[in-house]
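Chain identifiers are assigned alphabetically (A, B, ...) following the order of the sequence lines, protein sequences preceding nucleic acid strands; residue numbering begins at 1 within each chain.
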Amino acid sequence: MNIFATVKTRVDAAVAALVAEGKLPAGLDLERVAAEPPRDPLHGDVTTNAAMILAKPAGQAPKAIAELLIAKLKTDPTVTEANVAGPGFINLRLVPSTWFDVLRDVLQTGPSYGDGARRGEKINVEYVSANPTGPMHVGHARGAVVGDALARLLAKAGFDVTKEYYINDAGGQVDNVARALRMRYLQAIGRITEADFQAALERKEIQYGGDYLVPVAEALAKRDGDKWAGVNDDAVWIPALREFTVAWMMNLVKEDLAALGVQHDVFTSEKKLVDDGKVDGALKFLADADLTYTGVLEPPKGKMPDDWEPRPQLLFKATQFGDEVDRPVKKSSGAWTYFAGDIAYHKDKVDRGFVNLVNVWGADHGGYVKRVQAALKALTDGKGKLDVQLCQMVRVLNNGEPVKMSKRAGTFVTMRDLIDEVGKDVVRFIMLTRKNDAPLDFDYAKVTERSRENPVFYVQYAHARGRSVFRHAAEMFPGVDLSDKGLAAADLSLLADSDELQLLKMLAAWPRMVEGAALAHEPHRVAFYMYDLAAQFHGLWNKGNEAASLRFLQADNTSLSLARLALVRGVGVVIASGLAVFGVEPVEEMR
RNA sequence: GACCCCGUAGCUCAGCUGGAUAGAGCACCAGAUUCCUAAUCUGGGGGCCAUGGGUUCGAAUCCCGUCGGGGUCGCCA
């Protein structure tokens, strides 16, 4: 039940009725007509901009249209008041039972309160997609949480969501890991020393110096003995060691993600796309559409690479689809570029029936967005929609001091460091307290602090307080049915305090919140909603400190207590429901 | 040089896809505890929404310019 959606359909019906009566012209576009909460609650319960939106196409003054609509809307028994205000807003006040019905609905529907109804609309969310070259770091953690929460949010809004991970296991980076692994391997079988390894790192012969390759090398030595020590043909040992390390690293990645509570439905391997001929197929598709050609790119502006020289390459006509320049799909060596693989990957998604795509990337990939969107347009004749959510940097701090790096990985703070330090739920929640295109400070001290400043604590505390009330209620009212079903049967009209009603109205806004955040691909909105809801709840709680008659539990008044318990429970259900979108467990108590 | 993101209270940030008098927290000031968790709550001051134009009934929000911060810029992924 979404009362704003309900009111919107009533407004639409009122317009239709006026059209039928000839008071408004036919064929009006109602797309932009909205029913929303007014900015100032004093204005009413629901406001609609219908009169202002329709004024121009109908050729009438907003206020005149508003009067017509008000006359229609007033015939609705659930509308107690309808007024025109300001430039033409129509403010509606609804019968109080509206809010009691909402609460009853929350109690009866439980965790699925707020679920949307767009069943069957498929959407693909690709996130993390980290190179299988080592442990996950903080940046990956943010992308993982944002992508996962977005997927959960879309699912709640009613989409059929597929969560996907693209494994970049075909490029030069994984070869570089194989090279580093070989050195660690030689060390593991006693052919070189740690000093030799560090020297090679110093000479930049290898790029990956982290300790995390040591156990991989040991496992390889255990399996194959000294088999690879004498093999010097790159074409032989690189693929073998690459395969070994990719498999290992993907296990590591999956373990890290599991520790964060993130699970993907589909893993797509770049190497498999290549081996299966999907890259050839995708590029043939573009070539057949005359969207590729062999040409020479202009030299890059700004910082010039040392070894730049003009060379002919196979290019994709990205400029036809809104990109700045045409983009290379083949290196001058003739090998496919990373972009070619990505074209094939996106074609693969399209071929699997996805039109709606979301990719969550790090902000350093911002320059890559247009070309992939261009490729998708080319592949789908303009029908495919790709939204790329870029995640900005995370600065890891402790009491304001930058945390430099992990002992294990060497150069960066890992996802595991974060989880070990503050726990999975805190990591997840904090990562969602900023919009993803804004930088985020993650301060170990602040995110574990027990104060209003810390949104995780503040929201969890509200939930725990609600549970505490129920523990007391069970003692105060032995034998009384305090289940959701029992509470739904309570006389909710006893909720008469203005703050109680305000809280009910916030619960009524949850379904609209879910839909808006999902369509905008902005899970962080849920964090702010939950914070506001918690603030309202803490406020009501403390009113009981000043006036004992406002406490939730009244020993001498069971029916009033039950009505208030229903409200407390409703708040708890919605908070738990919001936390579920974040993949965070609500806490029962905070001792 | 080009492209992308950002610029809102002293600080950290919201602002629901163009709506009414721009909101929270921190910090500052003044209050609340025989009471279900005061780990909380109530009240107060604080703004040229970087800046200059434009679009319209109406702009923090959309478009263009300028300034400032960050990111990216053939054969890396």
Side-chain angles (χ1 to χ4, degrees), chain A residues 32 34 36-40 43 47 49 52 55-56 61-62 85-89 91 129 131 133 168 170-174 176 270 296-303 305 307-311 313 315 323-325 327-328 330-335 337-339 341-342 362-370 390 392-393 433-435 437-439 441 446 449-455 457-458 461-462 464-466 468-473 475-476 509 512-513 515-517 519-520 522 524-525 527-529 531-532 535 538-546 548 551-553 568 589-591:
Chain A
R32 289 176 56 231
E36 0 176 69
R39 175 153 297 182
D40 186 342
H43 291 143
T47 188
N49 57 358
M52 291 179 291
K56 188 169 269 185
F89 291 102
N91 291 323
S129 297
N131 292 345
T133 56
N168 304 135
Q173 290 307 321
V174 282
N176 289 334
E270 180 188 9
V296 179
L297 285 172
E298 294 285 306
K301 307 286 184 335
K303 210 198 292 176
D307 57 345
W308 192 89
E309 56 178 309
R311 282 176 185 161
Q313 288 177 274
L315 303 172
D323 203 354
E324 271 76 45
V325 291
R327 301 292 181 177
K330 265 192 184 174
K331 307 176 191 176
S332 52
S333 68
T337 60
Y338 174 81
F339 180 45
D342 229 352
D364 55 340
H365 289 59
Y368 198 72
V369 174
K370 277 190 181 177
L390 297 176
Q392 277 289 351
M393 302 273 299
T433 53
R434 289 281 178 276
K435 51 181 179 240
D437 53 9
D441 281 354
K446 280 189 180 160
E449 189 176 280
R450 299 186 151 202
S451 77
R452 179 165 191 166
E453 269 186 271
N454 177 5
F457 164 76
Y458 191 69
Y461 185 33
R465 271 185 152 175
S468 161
V469 176
F470 272 82
R471 288 190 289 272
H472 284 273
E475 286 175 27
M476 191 180 282
R512 186 173 176 275
M513 180 67 223
E515 188 186 21
L519 293 179
E522 292 186 350
H524 75 276
R525 287 190 200 176
F528 287 90
Y529 170 84
Y531 186 86
D532 287 346
H538 287 308
L540 181 58
W541 179 290
N542 261 69
K543 262 186 138 180
N545 289 336
E546 283 148 31
R551 289 182 202 162
F552 300 125
L553 302 182
V568 172
E589 57 180 342
M590 306 202 77
R591 296 281 167 207

With respect to the side chain of [X], which nucleotide from [options] is positioned closest?
X      : options             : answer
A:P38  : B:A20, B:U17, B:U56 : B:A20
A:R525 : B:A77, B:U17, B:A20 : B:U17
A:R311 : B:G74, B:A77, B:A14 : B:G74
A:Y458 : B:G74, B:C41, B:A22 : B:C41

Looking across every strand, which nucleic acid part, if any, lies under 4.0 Å from [X] by heavy atom: base, sugar-phosphate, or nothing?
X      : value
A:E449 : nothing
A:P328 : sugar-phosphate
A:Y368 : base
A:R465 : sugar-phosphate
A:Y338 : base
A:S451 : sugar-phosphate
A:R512 : base
A:Y531 : sugar-phosphate

Whom does [N] pair with, Watson-Crick or G-U wobble, provided both distances fall under 3.5 Å?
N     : value
B:C28 : B:G44
B:C62 : B:G54
B:C16 : none

Nearest-angstrom distance from the residue atom [atom1] of [X] to [atom2] of [N]:
X      : N     : atom1 : atom2 : result
A:D441 : B:C6  : CG    : P     : 18 Å
A:F89  : B:C57 : CZ    : P     : 15 Å
A:D364 : B:C3  : CG    : C1'   : 15 Å
A:R32  : B:C16 : CZ    : P     : 15 Å
A:F457 : B:U40 : CZ    : C1'   : 8 Å

5′-ward residue of the pair A:K370/A:G539 relative to RNA chain B: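 Mapping each residue to its closest nucleotide by heavy atoms, the 5'-most match is A:K370.
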
5' precedence on RNA chain B between A:E522 and A:Y461 (nearest-nucleotide basis): A:E522

Expressed in whole Å, how much space separates the [atom1] atoms belonging to [N] and [M]?
N     : M     : atom1 : value
B:C48 : B:G7  : C1'   : 15 Å
B:A27 : B:C11 : P     : 16 Å
B:U61 : B:C5  : P     : 15 Å
B:U72 : B:A60 : C1'   : 27 Å
B:A24 : B:G46 : C1'   : 14 Å

Ion pair A:E324/A:K370, N-O distance below 4.0 Å: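 So A:E324 pairs with A:K370 through a salt bridge.
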
